[in-house]
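Working notes for the structure below.
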Number of protein chains: 2
Amino acid sequence: MKKILIADDEPDILEFLKYNLVKEGFEVSTANNGVEALKVAYSAHPDLILLDVMMPEMDGIETCRKIRETAALKNTFIIFLSARAEDYTQIAGLESGADDYIVKPVKLRVLISKIKAFFRRAEEQEGNKIFIKELIIDKDKYTVAKNKKELHFPKKEFELLFMLASKPNKLFTRDEIYNKIWGNEIIVGDRTIDVHIRKIRDKLGDDLIKTIKGVGYKFDNHE
Amino acid sequence: MKKILIADDEPDILEFLKYNLVKEGFEVSTANNGVEALKVAYSAHPDLILLDVMMPEMDGIETCRKIRETAALKNTFIIFLSARAEDYTQIAGLESGADDYIVKPVKLRVLISKIKAFFRRAEEQEGNKIFIKELIIDKDKYTVAKNKKELHFPKKEFELLFMLASKPNKLFTRDEIYNKIWGNEIIVGDRTIDVHIRKIRDKLGDDLIKTIKGVGYKFDNHE
DNA sequence: AAAAAATATCAAAAAATTATGAAAAAAGAA
DNA sequence: TTCTTTTTTCATAATTTTTTGATATTTTTT
């Protein structure tokens with residue numbers, strides 16, 4: 001669940017944004033000025049900060065600069081949300097380290113879409129991992145770990161396991177497997193899948209992959 | 001040097017943006033419509049695409065969707081740049097996979113600041129120095145030190161090592177490596193990567209880089 | 001229970017892929 | 001140019017992965 005910090009000196013705006021972002025499923029904290037925003041940022045480590053430019057105590061640009069000096073917050077997105085539309089303010093905001101500068105007024109739905117675009121990009125880096133039973137299958141690292149111990153899986157075995165594990169308990173017919181792993185051009189004998197399945201079972205144990213005779217295989221995930 | 005693709009059906013805008021972005025030090029290619037944009041994107045692998053929404057042949061949103069389906073372009077930033085300001089168009093644009101939606105007219109300096117903000121964020125992930133195991137890899141100086149002892153690495157070897165070491169344990173496919181180190185224009189034989197890998201291994205030892213047969217290589221960082 | 005059908009298993013063969021050394025080609029420097 | 005370094009290619013060896021084929025076992029059908 002992503003955490004958002006909103007810093008604005010107008011209570012109405014704060015309340016409105018908080019209400020709507022919570023409704024979207026975000027965890028929201030608020031601050032009324034720059035100093036407070038910094039304090040909350042240090043302790044709550046939000047994933048994204050919506051920052052007003054004009055605030056008492058410390059303005060948004062200065063706040064942004066300070067946040068960027070903090071190593072622990074370097075992955076935090078900062079978006080300015082301000083009524084001030086002059087070029088130089090926008091440029092100053094972006095150059096102080098913000099990721100975006102949005103001029104108010106902005107439609108709520110548009111703002112939410114922009115926020116989601118940032119998170120989508122961030123999540124992309126995190127990679128394709130499947131956590132299932134005592135396994136961690138990591139497609140980016142091309143590893144399968146069982147109880148923290150990494151095992152080596154050659155290409156075909158990895159692809160087959162990944163396919164089955166990506167939809168636990170779903171039955172994959174032999175045809176589906178052939179099509180996905182080998183494609184339409186390559187034709188291999190009937191025993192090829194079996195042998196690969198056996199090799200996976202050798203490494204991970206016999207219980208994980210279940211045979212449905214006459215049909216196919218499935219990754220069994222009933223505790 | 002970052003590559004930017006601009007897609008717009010108005011030649012004046014295209015020319016204006018190209019001129020100014022080149023002046024900023026970017027490598028700029030252009031396209032007059034969506035279909036053309038796709039073609040250029042596939043071959044040139046830009047780091048960022050400025051996309052108009054209304055274009056003949058294929059509109060921007062459809063273009064964006066198609067780009068996002070391409071694995072090789074998943075790290076490419078997409079920014080819509082459009083005169084259409086309605087909420088739903090902006091939302092549709094962002095939901096089609098774009099990173100930002102900027103409503104025209106926009107001041108050139110502001111646009112450039114936003115573009116730089118994206119690149120800053122992307123580069124931040126990389127960093128110019130890597131400390132890993134007994135190695136210090138310094139991109140500014142183009143040197144690799146093993147146990148404080150500096151070793152000489154020619155360009156290609158260095159880039160390859162840097163790429164692998166920048167994301168320890170991540171698997172890089174041969175295609176990814178070719179794209180990043182050689183680019184799409186240059187075509188080299190199948191054994192070229194192997195030879196470079198061997199040279200790196202000669203200098204640093206055989207254990208650092210691990211081969212995943214049929215897939216690629218990775219920098220191994222387990223102790 | 002027997003026959004039929006499908007999968008499991010093993011070792012060996014085949015195929016695919018990478019490692020390696022040396023040399024040619026290309027790029028840079030003097 | 002000439003020399004040096006870097007990059008790429010090529011042929012062959014070494015290795016790993018994938019597939020096959022024979023036989024055993026299990027499940028389903030009759």
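Letters go in sequence order (proteins before strands), and every chain restarts at 1. Note that this is a predicted model, so its numbers are computed, not measured.
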- Query: Which nucleotide, C/dT9, D/dT8, C/dT20, lies nearest any side-chain atom of A/Arg191?
  - Reply: C/dT9

- Note on the structure: In whole angstroms, the gap separating C1' of C/dT7 from CD1 of A/Ile177 amounts to 13 Å

- Task: Give a yes or no on whether a salt bridge exists between B/Arg198 and B/Asp194, defined as a side-chain N under 4.0 angstrom from a carboxylate O.
- Result: no

- Using atom CZ of A/Phe158 as one end and atom C1' of D/dT18 as the other, report the distance to the nearest whole Å. 18 Å

- If you measure from CG on B/Asp100 to CZ on A/Arg121, what distance do you get to the nearest 0.5 Å? 11.5 Å

- Note on the structure: Assert: residue with more 5' nearest nucleotide on DNA chain C, out of B/Val195 and A/Lys199, is A/Lys199

- Note on the structure: Atom CZ of B/Arg198 and atom C1' of D/dT9 are separated, to the nearest Å, by 13 Å

- d(CD1, A/Ile197; P, C/dC10) in whole Å: 15 Å

- Message: In this structure, is the centre-to-centre distance between the rings of A/Phe162 and A/Phe219 below 6.0 Å?
- Response: no

- Message: Among D/dT9, C/dT18, D/dT17, which nucleotide has an atom closest to any side-chain atom of B/Arg174?
- Response: C/dT18

- Task: Nearest whole angstrom, please: distance from the P of D/dT9 to the OH of B/Tyr178.
- Result: 8 Å

- Message: Closest approach to the side chain of B/His152, judged atom by atom: which nucleotide of C/dA8, D/dT19, D/dT6 is it?
- Response: D/dT6

- Message: For a quick test of reading the model: is some side-chain N or O of A/Thr211 closer than 4.0 Å to OP1 or OP2 of C/dA6?
- Response: no

- Counterpart base for C/dT18, defined by Watson-Crick or G-U wobble contacts under 3.5 Å: D/dA13

- Message: Quick check for you: among C/dT18, C/dA19, D/dT18, whose closest atom lies nearest to any side-chain atom of A/His196?
- Response: D/dT18

- Query: Quick one: does A/Leu50's side chain get under 4.5 Å of A/Ile115's, heavy atoms only?
  - Reply: yes

- Atom pair CG (A/Leu111) and CD1 (A/Ile79), whose distance is rounded to the nearest 0.5 Å: 6.5 Å

- Task: For B/Gly214 and for A/Asp194, find the nucleotide of DNA chain C with the closest heavy atom, then tell me which residue's nucleotide is more 5'.
- Result: A/Asp194

- Message: What contact category does B/Lys213 fall into here, base, sugar-phosphate, or nothing, at under 4.0 angstrom with non-hydrogen atoms?
- Response: base

- Query: Between C/dA8 atom P and A/Asp206 atom CG, what is the distance in whole Å?
  - Reply: 10 Å

- Query: Taking CH2 from B/Trp182 and C1' from D/dT7, how many angstroms apart are they, rounded to a whole number?
  - Reply: 9 Å

- Answer with base, sugar-phosphate or nothing: what part of the nucleic acid does A/Tyr217 contact at a heavy-atom distance below 4.0 Å? sugar-phosphate

- Nearest-angstrom distance from the residue atom CG of A/Leu161 to P of D/dT17: 16 Å

